[in-house]
Peer 1: 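Here it is, the structure in full.
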Amino acid sequence: MANTKRNANTPENKENTKKTETPYDPWADTVSIKIPKDRNKKEDVTVSINDKSFLIQRGVEVDVPRPVYDALVDQERAIEERDAYIEENASE
């Protein structure tokens, strides 16, 4: 009987490798942001997601987890949509 080695690139071995990969953790993924200071807005920005809260200082570049960045982007988009709606309906 011949002694055969199993090729590491066989489909069974690839499947086993995929099962042991760690899942993506968005909280471990960070994004560098800088929230500008403004004449009207000088206070720090608080972002709360589920049971986690973050206090972000204006005017300082900081690293925040991806969900915090996404929440800030969503907030800015909502403000822009609100302002556009108000502008469109101001003449009525």
Side-chain angles (χ1 to χ4, degrees):
M1 186 165 169
N3 188 4
T4 59
K5 281 189 169 179
R6 190 173 287 262
N7 185 353
N9 293 326
T10 61
E12 310 90 42
N13 289 340
K14 286 184 181 179
E15 286 178 22
N16 290 339
T17 303
K18 288 180 185 176
K19 291 178 186 175
T20 59
E21 290 178 5
T22 55
Y24 173 69
D25 179 12
W27 292 99
D29 185 14
T30 60
V31 179
S32 290
I33 64 168
K34 182 177 180 180
I35 301 175
K37 284 188 178 181
D38 179 302
R39 274 189 260 173
N40 299 325
K41 298 179 181 179
K42 295 180 181 177
E43 67 281 348
D44 297 338
V45 176
T46 302
V47 177
S48 296
I49 300 173
N50 295 335
D51 62 344
K52 299 177 182 181
S53 293
F54 299 84
L55 185 63
I56 303 167
Q57 187 177 0
R58 288 183 181 270
V60 177
E61 189 168 323
V62 295
D63 291 335
V64 296
R66 173 68 61 179
V68 172
Y69 171 78
D70 291 342
L72 290 167
V73 169
D74 290 345
Q75 175 193 24
E76 189 62 34
R77 190 174 304 130
I79 290 170
E80 289 173 2
E81 289 176 6
R82 178 204 62 196
D83 292 345
Y85 177 82
I86 290 171
E87 191 174 313
E88 288 175 8
N89 295 298
S91 63
E92 293 179 7

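Quick caveat, the model's predicted, so the values are computed rather than measured.
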Peer 1: Passes side-chain contact (heavy atoms from CB on, under 4.5 Å), D63 versus V31? Steps please.
Peer 2: CA-CA 5 Å; D63 291 335; V31 179; over 6 Å; no

Peer 1: Quick one: closest heavy-atom pair of R58 and K41, and the distance?
Peer 2: CD-O, 3.4 Å

Peer 1: Return the minimal non-hydrogen interatomic distance between W27 and V68, and the atom names on each side.
Peer 2: CZ3-CG2, 4.2 Å

Peer 1: How far does CZ of F54 sit from OG1 of T46, to the nearest 0.5 angstrom?
Peer 2: 11.5 Å

Peer 1: Between atom CD1 of I49 and atom CG of D70, what is the distance when rounded to the nearest 0.5 Å?
Peer 2: 8.0 Å

Peer 1: Can you sort out the partners of D83 under salt bridge (Lys or Arg N to Asp or Glu O under 4.0 Å), two or more places apart, ordered by chain and number?
Peer 2: none

Peer 1: Enter the distance from E43:CD to K37:NZ here, rounded to the nearest 0.5 Å.
Peer 2: 11.0 Å

Peer 1: Around Y85, counting heavy atoms of other residues, nucleotides and ligands shown, do more than 12 lie under 6.0 Å from its OH?
Peer 2: no

Peer 1: Ignoring hydrogens and geometry, is there a side-chain-to-backbone donor-acceptor pair from N50 to K52 under 3.5 Å?
Peer 2: no

Peer 1: Measuring from atom CZ of R82 to atom CD of E87, what distance do you get when rounded to the nearest 0.5 angstrom?
Peer 2: 12.0 Å

Peer 1: Kindly give the heavy-atom pair with the smallest separation between S32 and E61, and that separation in Å.
Peer 2: CB-OE2, 3.7 Å

Peer 1: Looking only at heavy atoms, which two atoms of S53 and S48 are closest? And how far apart?
Peer 2: OG-OG, 2.9 Å

Peer 1: Within the 4.5 Å heavy-atom criterion, are D44 and I56 side-chain neighbours or not?
Peer 2: no

Peer 1: How long is the gap from CD1 on I33 to CD1 on I35, to the nearest 0.5 Å?
Peer 2: 4.5 Å

Peer 1: Are the side chain of R66 and the backbone of T30 linked by a donor-acceptor contact shorter than 3.5 Å?
Peer 2: no

